[in-house]
Amino acid sequence: MQPLLKVENLVKHYGAGRSARSKDKLAALDGVSLSVLPKTTTALVGESGSGKSTLALCIACLEHPTSGSISFEGIDLASLDENQLRLLRPQIQLVFQDPASSLNPRWTALEIVSEPFFVQRRYSKPDRAVRALRLLDRVAISRKMAARSACELSGGQKQRLAIARALALEPKLIILDEALSALDCSVQAQISNLLLELQASLGLTYLFITHDFGMAAHLADQIAVMDRGRVVESGSAENVLYSPNHEATRALLAATPRFSEPPAELVHA
Ligand SMILES: Nc1ncnc2c1ncn2[C@@H]1O[C@H](COP(=O)(O)OP(=O)(O)O)[C@@H](O)[C@H]1O
Ligand SMILES: [Mg+2]
């Protein structure tokens, strides 16, 4: 099966300008390769500063990689002109950790989910309202809440709203960058179940970025582990969780209570 997303040898230097000191020239991405199959969830796990968000921004065309390639449905993003990119961008949506930074607090939930329709000039005005309400319904935001401004919503409701907005333009790939990390455990569990439901009904592909192996274990088919700007290990969730090869993976697992002890049946295997 052809991957939906294929990243090859991606390098990203920040502050590589002439005046930058050598320590600022360290690569945020130092040759990342990653493949994501359609309709699956790949968890990208790594400690803070390992380059996860930089990779997300490059895939969503919000940062330009220094070198390497990203292809989406077999098409190299670097080969697209501005018009072609404008058509492609809605297919890849990014949901961030902090919804407050991406949702206008004074807008109502309904206005926020409708915005992508206005920006992309999709559908007639009455159609937009119908579609927006349907999206809010999908993420369990009631009609009553739809009329409230974003600042009145709880953290979990804001993240549901951010997910509804990400769905508006019918994307194929959703990148969730620590999207559940700031939420309480019970809210995390509810929203991760919502993500699984949406994936099953809409055929979505997720790149789920987290520093938490527990979340990765719950959601992912595949796990890729990042360390210092590289993917150092990747494979099926089961293999990475229960027979990790790389020391960075083992260190992250050791910091996750559920995985710090191997399951009894594997101890003597
Ligand atoms: N806009 C930026 N300018 C300069 N350096 C950056 C920028 N964004 C990230 N970095 C650096 O790139 C590295 C990777 O960061 P990031 O991709 O945010 O990692 P993660 O999301 O895994 O925590 C870090 O060393 C970080 O300081
Ligand atoms: Mg990050």
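Read the numbers this way: they start at 1 and go in the same order the structure lists the ligands and their atoms.
Annotation: side chain of Cys58 is in contact with side chain of Ile70 (closest heavy-atom distance under 4.5 Å).
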What does the N/O contact table under 3.5 Å look like for ligand 1?
{"residue": "ligand 1", "atom": "17 (O)", "partner": "Thr54", "partner atom": "N", "Å": "2.9"}
{"residue": "ligand 1", "atom": "17 (O)", "partner": "Thr54", "partner atom": "OG1", "Å": "2.6"}
{"residue": "ligand 1", "atom": "19 (O)", "partner": "Gly51", "partner atom": "N", "Å": "3.1"}
{"residue": "ligand 1", "atom": "21 (O)", "partner": "Ser53", "partner atom": "N", "Å": "2.9"}
{"residue": "ligand 1", "atom": "21 (O)", "partner": "Ser53", "partner atom": "OG", "Å": "2.9"}
{"residue": "ligand 1", "atom": "22 (O)", "partner": "Ser50", "partner atom": "N", "Å": "3.2"}
{"residue": "ligand 1", "atom": "22 (O)", "partner": "Ser50", "partner atom": "OG", "Å": "3.4"}
{"residue": "ligand 1", "atom": "22 (O)", "partner": "Gly51", "partner atom": "N", "Å": "3.1"}
{"residue": "ligand 1", "atom": "22 (O)", "partner": "Lys52", "partner atom": "N", "Å": "2.9"}
{"residue": "ligand 1", "atom": "22 (O)", "partner": "Lys52", "partner atom": "NZ", "Å": "2.8"}
{"residue": "ligand 1", "atom": "23 (O)", "partner": "Gly49", "partner atom": "N", "Å": "2.7"}

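Counting non-hydrogen atoms of neighbouring residues, nucleotides and ligands closer than 6.0 angstrom, the CZ atom of Arg89 exceeds 12 such neighbours.
Geometric assessment of Arg131 against the ring of Tyr123 yields a positive cation-pi assignment under the 6.0 Å and 45° thresholds.
Contact annotation: Ser53 places an N, O or S atom under 2.8 Å from the Mg ion (ligand 2).
Inspection of the Gln222 and Ser234 side chains reveals no N or O donor paired with an N or O acceptor under 3.5 Å.
Distance alone, capped at 3.5 Å, is enough to place a donor-acceptor pair between the Glu233 side chain and the Asn245 backbone. Listed for the Ser142 side chain is a donor-acceptor partner under 3.5 Å among the backbone atoms of Met145.
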